[in-house]
Visitor: 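Take a look at this one; I'll ask things after.
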Amino acid sequence: MAQLNMVKALNLAMREGLAEDENVIIMGEDVGQDEGVFRVTEKLLAEFGPDRVIDTPLAEGAIVGTAVGLALYGMKPVCEMQFSGFAYQAYHQIEGHVSRFRNRTRGRFGMPIVVRMPFGGGIRAIEHHSESREALYAHNPGLKMVICSTPRNARALLLESIRHPDPVIFFEPKALYRAFKEEVPDEPETMKIGKAHVTRAGEDITLVSYGAMMRPVLEAADDLADEDGVSAEVVDLLTVSPMDTETIAASVSKTGRCVVVHEGPRTCGVGAEVVARLVESCFYHLEAPIRRITGYDVHFPYFAREQAFLPGADRIKRAVRETLVC
Amino acid sequence: MAQLNMVKALNLAMREGLAEDENVIIMGEDVGQDEGVFRVTEKLLAEFGPDRVIDTPLAEGAIVGTAVGLALYGMKPVCEMQFSGFAYQAYHQIEGHVSRFRNRTRGRFGMPIVVRMPFGGGIRAIEHHSESREALYAHNPGLKMVICSTPRNARALLLESIRHPDPVIFFEPKALYRAFKEEVPDEPETMKIGKAHVTRAGEDITLVSYGAMMRPVLEAADDLADEDGVSAEVVDLLTVSPMDTETIAASVSKTGRCVVVHEGPRTCGVGAEVVARLVESCFYHLEAPIRRITGYDVHFPYFAREQAFLPGADRIKRAVRETLVC
Amino acid sequence: MPRKKIKVSDKLEYLQILDEKARIDESLDPELDGDTLLNLHRLMLTTRLLDERMLALQRQGRIGTYAPVRGQEAVQIGTCYTLRSSDWVVQSFREPGVCFHRGWPIGSILQFWGGYEEGCAVPEGINDTPIAVPVASQLPHVMGLAWGMKMKGKDDVAIGYVGDGGTSEGDFHEALTFAGVFDAPAIFIVTNNQWAISHPRSRQVRAATLAQKASGYGIDGIQVDGNDVLAVYVATNEAIDKARAGGGPTLIEAVTYRLAMHTTADDPKKYRDDAEVAKWEKRDPLIRFDAYLRAKGVLDDKMDEEIRNDIKATLKSGVEAYEAARDVDPRDCFKYLYEDIPAELVAQAAEFDEALRHEGVTIGH
Amino acid sequence: MPRKKIKVSDKLEYLQILDEKARIDESLDPELDGDTLLNLHRLMLTTRLLDERMLALQRQGRIGTYAPVRGQEAVQIGTCYTLRSSDWVVQSFREPGVCFHRGWPIGSILQFWGGYEEGCAVPEGINDTPIAVPVASQLPHVMGLAWGMKMKGKDDVAIGYVGDGGTSEGDFHEALTFAGVFDAPAIFIVTNNQWAISHPRSRQVRAATLAQKASGYGIDGIQVDGNDVLAVYVATNEAIDKARAGGGPTLIEAVTYRLAMHTTADDPKKYRDDAEVAKWEKRDPLIRFDAYLRAKGVLDDKMDEEIRNDIKATLKSGVEAYEAARDVDPRDCFKYLYEDIPAELVAQAAEFDEALRHEGVTIGH
Ligand SMILES: Cc1ncc(C[n+]2csc(CCOP(=O)(O)OP(=O)(O)O)c2C)c(N)n1
Ligand SMILES: Cc1ncc(C[n+]2csc(CCOP(=O)(O)OP(=O)(O)O)c2C)c(N)n1
Ligand SMILES: [Mg+2]
Ligand SMILES: [Mg+2]
């Protein structure tokens, strides 16, 4: 067991993926010599050589589009988008081909591609470097949309994603890259895609979230226990799509109340989907309206204003308190 | 008053837009000489000349990206994406610039751009020609997302969109292009963006929909009245974003029950947003779970299978009946 | 010295072997044997007759909108004729001739235009991708496939098709950029048929040729008479041989003409003159090659009739196979989306099931 | 005739006027007057000193990550020097020198890197776009602006900047394609500083020059010594004059070097040799021009000191203006999104308001 931060944990998963399957390759802008702008691909070029860890020219569409061709030829490309804000340049390849090939060819050609991208705010970055648009991929049939939240699940989910036969959009909460360390098993560990995780058990209310927002959510849950004697259950979606309705519905059926938290814009976001599923699956257990604490439907502000903008524990606590008195 | 189909009504709005403001231009693939693959731009080149109605090379990114530059220079480009399925090639321009310029420049440069695109299934077209992904644009701050459903509102909303100071993504339900005619006033008529329309008043349940799905929804409402004596109120969103929460909440506060219908994928779709808003705004009036009758979270099938796939009146009626017995 | 000329790619050439009057340039004659020549003829004729049959089927409502290929047969057959089955073909949406030669059943080709995913279910043993609808989006796949071959140490090649219109898309640029940098055994065929729906080649880009784009990527480019199957054959095979030998990518612009409408939903009279079409009718690649073969004594009326009868029989059984397979299950949209169907889709599939049961939906057309 | 050479753009040239030893090619000397020469010097020096100040501010935590421009001053100043205020400049994200000359207040330039949208609030009267972060995405805007000018019958031009890395993006290709077809008065400056973060120019595209890409679009291209402000000046002005006269777009590749890190978050030691940097240090555009001006008698120590003092004063008051304006209201993210704030955003704004009130959030840094 090693204490790793998320960057090292993700790096470990890629090293394992490269080592266990010669068809796995890492490709993207600055992932080789530079070891990634966040150093997530550290030492991989040195260890596996330039045929496995590949610096590409600056064109996201071709990174993903080339990966489609590589996957057709039996490779398993792990692509990096330097920031999720530049994945739109590749969106037509993701929507048009990555997500469709297996279905289109009636199973003849799968797309075992991972598209990794750092997302979310909080690191004082310039415009286009702080957005959270997981909903775009969740809305797109044929993709799995995975978001890690701790070093251990980052490693386990990324390794699973690399092994996965279908395309995975893998969002990395960059605010957590070096935020804390966690014990990560030495032996390859994976977690199933499509399973949410009850991070904290509770009785009075369910908090649903994922990614970097798990931190203020857990902080809020602790505070609520201390300050209000409220027992909040916290569910980390981990896979945003396909969503683990069962786990969130089981929790909310028990607690009767729910607040869902994410950074991305509210309208048609993952929060809306959580609410809709809860209404469909446990309407009669709901004792109060479900609140969404999310990014507002505006552009993520430049970094001088970002801390004020990002949902924090205080906002979550207030929503919980308001929900509890309903 | 003339009886017009939707194609003619949209054409009228563009003619009016071109005539009243010399900064308005129409641009896109095959919009000039060919008059659009659906003939929506019929006679516009002949009438306004090649400086106002412009055939472009085949590159959606540049159509929208060029429009950004034109808008900066004071023009009002009305861009056509030949099908919404090819707008992903321009998504980075829409997300990255069209939706951001006013905010980014603190109001110095607005983006009075309309991006028109036919969407939705039902016309026996090949792959990528039948999708409904309005949610992508609704989720994107800084855009208005408008969807017409009849010739009259098509004309009124498009003319309003052309005059609008902010970018409008204008979805045209191609299945309705020539489906029926409606009286369209001779005098320029507009409708406000951001207002939903109660198309049919009722008491027992609210049906929320938009675009081509309005047809089976209204058919279902009629049938329900005839067959079950059920009085369904039908709300046509018309603007998907910003959504007119007030109108749908008022309706559901009255009826206590709701079914929302759209063609696009369910997860993180507009239906989820409608449900989430109703839960937030009229939870205590809800007497039954809100059902979503939508496209499934799979790829829209090729056309041999599309009629089976598309939500129809029968599916809607069953959902209503199930909701009414809750 | 300070204001100096920069030398760039003076290698760009135009190649024609069999001219419009069916005269051969002996110095360039690839001297193919009689069987090969006849086979090229047979394949071009198959493409032509298949195309005509598709148009008829469309008019009869037995398939949907169709994109005809009349006039472009030499590009299709000349480029794919010598490919191995271990090579990969990445088609655009107007390559029925290529598909046929690569072994796609006629029924399968019909299925795409009939609205069946089955038409994209690439038959086992065929290393091709199915029709790609978003223009030019398939070109990065060519590059990826070719690069995979190089990584795996194979001497195979990947060949991809795009139209003149498609060369304006960003995907074209990015694919060729990558192909050059990674020196991939990729061959990009631009079928310059002069039109992108209603948009003429001259307004697609201001450059005089599309082949000259190659220079910007540091790769070889050549322009060929796309109505001369021998020129197409020779240029492609040079590119293939070079790629197999590790010589990297090539861009081939094949100059031809779309004699018919863009698709059956299109009316070309709105944007082009009959006179232009008539001019190109005279350059029909089949007429030219037919005349050459007859002059050479490789083909005569009797053989031609036999070939036609053969083709008609093939088409007939293809259409029959297509029509026999029209009864499909709409519920399989859930079946192939992922390797394993996730729980939430199991629930949605059940919902769909129930809906269909209630609606008593007729399956197929 | 059948296998014939195709002639393409033999116009591609490389231009250098002032060589690395500060020797001028008299035949190419634009013979600028002393004031102009001094102004070019002053502007390059301002760019250099501003850049140094930014790096210092970043190290002190007074701004965030910054993308330095050291070594590229001649490209910036030479390309924008003669622009009119009615022309438009579309910057990338590494053009502080251009912004300064165009009239952007230093404070405004600092605000972008300090994390304030105010740094993108283009000052009234300036016809420029703000920093564009997604690489190459700004190039279609150049084309659109230029086309607008043409439509409106103006003899203005639009000039846009992109890096060597940016030339690989689809947006580059599409913008130049459109510019050629619509013959827009657009000038595309490729600042080839040899690196795109860690990716070297040689691996960005296999072509020997970036300028030769012009041929694929049927437009003029030229490569200039980007460390020679006179060459940059002359090449750009030729392009500007041509564009004003209706001669259409030009692609200019300015060959230079990014002497510092990609951004302050980058460590170039990971991917390039000190020796390479040292080689380019010797080609520093400021050293070369300084030597030339002194030899010519246009500049001496005293004048240089005066100029430096002037610049320092400007920078000082710019930094002060920046720091004085740091107290901003985060709630204005709702204010500028649309011309009129929609009802649903009014509600969300109220929610935000309340949240801030409860949290007692400190505004600014
Ligand atoms: C990205 C994209 N945009 C638009 C279309 C609609 N469309 C289909 S074919 C076509 C023209 C293609 O022209 P070209 O590349 O020359 O191929 P051709 O049709 O001549 O074979 C267009 C615009 C599309 N399929 N994909
Ligand atoms: C579309 C996009 N992809 C990736 C990035 C991240 N990124 C920022 S600058 C840069 C390199 C740019 O290189 P170049 O175009 O040569 O400009 P330079 O940095 O040398 O000025 C990259 C990859 C981005 N900003 N936009
Ligand atoms: Mg064409
Ligand atoms: Mg660079």
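Being a predicted model, the structure only gives us computed values, none of them experimental. Quick note on labels: first sequence line is chain A, next is B, and so on, each numbered from 1.
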Visitor: Looking at every heavy atom in both D/A211 and D/E253, which two are closest together, and how far apart are they?
Guide: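 Looking at all heavy atoms of both residues, the shortest contact is N-OE1, 2.9 Å.
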
Visitor: Check whether D/I197 gets within reach of chain A through its side chain, its backbone, both or neither, counting any heavy atom under 4.5 Å.
Guide: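 Both backbone and side chain of D/I197 come within 4.5 Å of chain A.
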
Visitor: Salt bridge or not between A/E227 and A/K317? Use side-chain N to carboxylate O under 4.0 Å.
Guide: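 Salt bridge present between A/E227 and A/K317.
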
Visitor: If we define contacts as heavy-atom pairs under 4.5 Å, which of A/R266, A/E306, A/E29 has the most with chain D?
Guide: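 Option with the greatest count: A/R266.
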
Visitor: Is there a donor-acceptor contact under 3.5 Å linking the side chains of A/Y177 and A/E172?
Guide: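 There is such a pair between these side chains.
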
Visitor: Pick one of side chain, backbone, both or neither for D/D164, based on which atoms fall under 4.5 Å of a heavy atom in chain A.
Guide: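 Nothing of D/D164, per the 4.5 Å heavy-atom cut-off to chain A.
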
Visitor: Only pairs of heavy atoms separated by less than 4.5 Å count here; which of A/R318, A/H128, A/Q33, A/H299 has the most with chain D?
Guide: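 Winner by heavy-atom pair count: A/R318.
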
Visitor: So which part of A/R292 gets closer than 4.5 Å to some heavy atom of chain D, the side chain, the backbone, both or neither?
Guide: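 Contact with chain D: backbone only.
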
Visitor: Specify which of D/E117, D/Q204, D/E169 makes the most heavy-atom pairs with chain A at under 4.5 Å.
Guide: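 Winner by heavy-atom pair count: D/E117.
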
Visitor: Over 60° means perpendicular and under 30° means parallel, so tell me whether A/F86 and A/H129 are parallel, tilted or perpendicular.
Guide: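 Rings of A/F86 and A/H129: perpendicular, over 60°.
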
Visitor: Given that the side chain runs from C-beta out, which part of A/T56 has a heavy atom under 4.5 Å from chain D: side chain, backbone, both or neither?
Guide: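 Contact with chain D: backbone only.
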
Visitor: Go through the atoms of D/E354 and report whether side chain, backbone, both or neither lie under 4.5 Å from a heavy atom of chain A.
Guide: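 For D/E354, the contact with chain A is made by backbone and side chain together.
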
Visitor: Considering non-hydrogen atoms only, spot the tightest contact between A/Q89 and D/D171 and give its length.
Guide: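 So the minimum-distance heavy-atom pair works out to NE2-OD2, 4.4 Å.
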
Visitor: Do the ring planes of A/F171 and A/F119 sit parallel (below 30°), tilted (30 to 60°) or perpendicular (above 60°)?
Guide: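 The rings of A/F171 and A/F119 sit tilted, inter-plane angle from 30° to 60°.
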
Visitor: Between A/V37 and chain D, with a heavy-atom cut-off of 4.5 Å, which part of the residue counts as in contact: side chain, backbone, both or neither?
Guide: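 The answer is the side chain of A/V37.
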
Visitor: Taking the six-membered ring for Trp, are A/Y296 and D/F352 parallel (under 30°), tilted (30 to 60°) or perpendicular (over 60°)?
Guide: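 It falls in the tilted class, 30° to 60°.
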
